[in-house]
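Following: one structure in structure tokens, then a few remarks.
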Amino acid sequence: MNKDWIRKTIGELCKEGGGKVQTGPFGSQLHQTDYSEEGTPVIMPTDISTGQIDISRIARVSDAHVHRLSRHKLRKGDIVYGRRGDIGRQALVRQSSVGWLCGTGCLKIRLGNSEVDPEYLHRYLKLPEIIGWIEGQAIGATMPNLNTEILNRVPVCYPGRGEQRKIAAILTAYDDLIETNKRRIALLEKMAEEIYREWFVRMRFPGHQDTIFVKGVPAGWEVRPLASLCQEVRKGVRKKDLADDEIYIGLEHIPRKSIALRDWSTADSVESNKLRFKKGDILFCKIRPYLHKVALAHFDGACSSDTIVLRPRNTVYEGFLLFTIFSETFIDLATIAATGTRMPRADWAFLEKLELKIPHPQLLQIYQSRFDEIISLIENLLQINQQALETRDLLLPRLISGKLSVADLDIQFPPSMRDDIDAPNHRE
């Protein structure tokens with residue numbers, strides 16, 4: 001770290017700024033029965049992912065519970081930490097999450113009117129050496145735990161507030177690009193799915209007005225089992241045969257309600273034998289309640305053995321097959337037919353017998369051409385995001401160590417930071 005920068009602990013910064021490191025509500029204050037379908041979100045450790053808050057499965061509570069637990073309400077600039085398990089998992093509370101609750105199993109850092117900017121601290125806490133320091137202080141061997149005392153002792157090295165904001169602006173610009181591209185990917189996925197639903201579910205495919213239907217099946221279509229479109233691939237690979245840098249897809253890497261693989265790790269962290277997959281294969285999580293996790297592989301790699309790897313028998317089936325398996329109807333069937341008591345699993349031997357209305361080859365080819373165009377755009381955006389992510393992570397330690405000075409740079413602040421460039425942090 002730059003020797004001219006200031007060094008203090010988080011506890012000192014919070015005390016000087018009127019802030020606090022605070023534990024979320026205990027289990028006795030917030031019970032499972034208190035959660036509801038509607039209401040104010042409650043952030044749990046599982047909702048903190050890659051420095052952001054994932055709301056796809058977030059729990060909620062009524063206004064009465066929010067009022068009762070008002071001391072745990074979040075403000076813009078708070079940093080929420082998971083207390084157990086993955087040490088270093090933290091997220092910055094932005095405007096969209098103001099008023100939500102810091103949940104059970106989490107800790108909240110509120111800097112108050114500190115001389116350290118929350119955006120800067122959020123980035124600083126991502127440094128590998130800081131995560132390593134916190135891991136070394138965590139309590140428990142099997143399941144490491146954080147507490148307020150540990151977070152209060154975390155050392156922070158920082159320049160003047162102006163430089164902090166510049167550093168945060170550079171890194172935030174990459175995050176904003178990544179988020180914008182994620183939204184574009186979601187729109188493209190929805191477009192491909194909507195064409196599938198319009199043509200093959202609502203039966204409003206090109207030329208449907210002039211098509212004769214026989215017992216609900218368009219002329220030229222066939223009724224065949226799902227197995228005629230694909231085969232299950234169970235090509236196992238032993239842990240020792242995996243290259244350390246080989247791409248690995250675990251269940252946690254397959255997103256919900258999305259067909260694109262946006263995250264992965266490397267095989268150096270795996271602990272058991274896995275399955276091989278190739279580009280164009282469909283990965284289907286076979287454990288309930290993760291059956292809704294379905295994705296198209298756009299690279300070769302290895303995946304969890306809790307995944308069913310499906311390979312289209314013909315490339316013309318790829319898009320049709322993907323959205324058939326991605327559909328709520330198929331997921332509901334897989335859920336009902338899952339076998340096992342402790343950890344129910346999809347029964348592929350049963351599912352592959354499912355009879356489908358298969359469009360004629362010419363219509364499948366037309367859809368696949370459109371699907372290929374959309375997937376190509378998605379893959380390009382994924383590649384841009386991966387490059388942005390790698391560049392950001394390379395810049396992070398150089399910027400926050402002071403090795404790459406920003407003092408004399410004229411930084412253009414990204415839109416997400418312009419509203420509060422000069423806004424002070426609020427006190428409790």
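Position 1 is the first residue of the sequence, and the numbers go up from there.
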R89 and R84 have their tightest heavy-atom pair at NH2-O, 3.5 Å
Which atom of W221 lies closest to which atom of P359, heavy atoms considered: CD2-CA, 3.5 Å
Ring centroids only, cut at 6.0 angstrom: are F200 and F320 within range, meaning strictly under it? yes
Backbone N/O of K278 and side chain of D281: donor-acceptor pair under 3.5 Å: yes
Measuring from atom OG1 of T315 to atom CG of L321, what distance do you get when rounded to the nearest 0.5 angstrom? 12.0 Å
Establish, yes or no, whether a centroid distance under 6.0 Å links the rings of Y367 and Y317. no
Any chance you could lay out the side-chain hydrogen bond (donor to acceptor under 3.5 Å, both in side chains) test for R153 and Q137, step after step, and finish with the verdict? CA-CA 9 Å; R153 294 202 308 266; Q137 303 295 311; 2.7 Å; yes
Report the C-alpha separation of E379 and Q383 in whole Å, then their side-chain angles, then the decisive distance to 0.1 Å, and conclude whether the side-chain hydrogen bond (donor to acceptor under 3.5 Å, both in side chains) test is met. CA-CA 6 Å; E379 290 179 356; Q383 185 176 14; over 6 Å; no
When you check the gap from the basic side-chain N to the acidic O, do R123 and D175 get nearer than 4.0 Å? yes
Answer yes or no: are there more than 12 heavy-atom neighbours, outside R224 itself, under 6.0 Å from its atom CZ? yes
Atom pair CD1 (I150) and CD1 (I10), whose distance is rounded to the nearest 0.5 Å: 11.5 Å
Considering only distance and modelled atom types, tabulate donor-acceptor pairs under 3.5 Å from the side chains of residues 206-217, sequence neighbours left out.
unit_1 : atom_1 : unit_2 : atom_2 : d
H208   : ND1    : F205   : O      : 2.9
T211   : OG1    : G207   : O      : 2.9

With no hydrogens and no angle check, is any side-chain donor or acceptor of D347 less than 3.5 Å from a backbone partner on A338? no
Below 4.0 angstrom, N of the basic side chain to O of the carboxylate: do R202 and E194 qualify? yes
Stepwise salt bridge (Lys or Arg N to Asp or Glu O under 4.0 Å) test for K257 and E193: CA-CA 11 Å; K257 300 179 180 179; E193 182 184 9; over 6 Å; no
Determine the sole option in T23, L107, V21 for which the side-chain contact (heavy atoms from CB on, under 4.5 Å) test with L146 is passed. L107
How about E129: does its CD atom have over 12 heavy atoms from other parts shown lying under 6.0 Å from it? yes
Side chain of S401, backbone of P397: donor and acceptor closer than 3.5 Å? yes
Run the side chain to side chain contact (heavy atoms under 4.5 Å, CB included) check on Y81 and I48 step by step: do they pass? CA-CA 8 Å; Y81 253 99; I48 302 173; 6.0 Å; no
Short question: side chain of T335, backbone of I331 - any donor-acceptor pair under 3.5 Å? yes
Which side chain to side chain donor-acceptor pair (under 3.5 Å) pairs, counting each pair once, include a residue from residues 293-308, with sequence neighbours left out? D306-R345
Which of I247, L382, I254 passes side-chain contact (heavy atoms from CB on, under 4.5 Å) with L261? Answer is I254
Minimal non-hydrogen separation, F284 against L291, with atom names: CE1-O, 3.0 Å
Keeping R165 on the side-chain end and Y120 on the backbone end, is there a donor-acceptor pair under 3.5 Å? no
How long is the gap from CG on D63 to CZ on R68, to the nearest 0.5 Å? 13.0 Å
Using 4.0 Å as the upper bound for N to carboxylate O, is an ion pair formed by R234 and E232? yes
For a side-chain hydrogen bond (donor to acceptor under 3.5 Å, both in side chains) check, start with the C-alpha distance between Y196 and T324, then their side-chain angles and the critical distance, and finish with the verdict. CA-CA 9 Å; Y196 166 86; T324 296; 3.0 Å; yes
What is the distance from atom CD1 of I79 to atom CD of E119, rounded to the nearest 0.5 Å? 9.0 Å
Are K182 and E179 ion-paired here, with the side-chain N under 4.0 Å from a carboxylate O? yes
Carboxylate-amine/guanidinium contact R238 D241, below 4.0 Å: yes
Donor-acceptor pair, Q22 side chain versus R71 backbone, under 3.5 Å? yes
How close do D78 and K73 get, heavy atom to heavy atom, and via which atoms? OD2-O, 4.3 Å
Under 3.5 Å donor-acceptor, D34 side chain and H31 backbone: yes
Contact summary for L275 and V309, nearest pair of heavy atoms: CD1-CG2, 4.3 Å
Are the side chain of Q164 and the backbone N or O of P159 linked by a donor-acceptor pair below 3.5 Å? yes
Over 60° means perpendicular and under 30° means parallel, so classify the ring planes of Y248 and H253, tilted if in between. perpendicular
Are R262 and E189 close enough for a salt bridge, meaning some N to O gap below 4.0 Å? yes
Can you tell me how far OG1 of T172 sits from CZ of F413, rounded to the nearest 0.5 angstrom? 9.5 Å
Taking all heavy atoms of I400 and all of W5, pick out the closest pair and write down the distance. O-CZ3, 3.2 Å
Q90 side chain vs H122 backbone, donor-acceptor pair below 3.5 Å: yes
Within a 6.0 Å radius of atom CD1 on I384, are there more than 12 heavy atoms belonging to other residues, nucleotides or ligands? yes
Is K126 salt-bridged to D393, going by a charged N under 4.0 Å from an acidic O? no
Could you tell me whether R57 and D47 have a side-chain N and a carboxylate O separated by less than 4.0 Å? no
Do any N or O atoms from the side chain of K166 and from the backbone of L409 form a donor-acceptor pair under 3.5 angstrom? yes
Hey, could you give me the CG/CZ distance between L74 and R94, rounded to the nearest 0.5 Å? 13.5 Å
Indicate the ring-plane relationship of H292 and Y290, choosing parallel, tilted or perpendicular according to the 30° and 60° boundaries. tilted
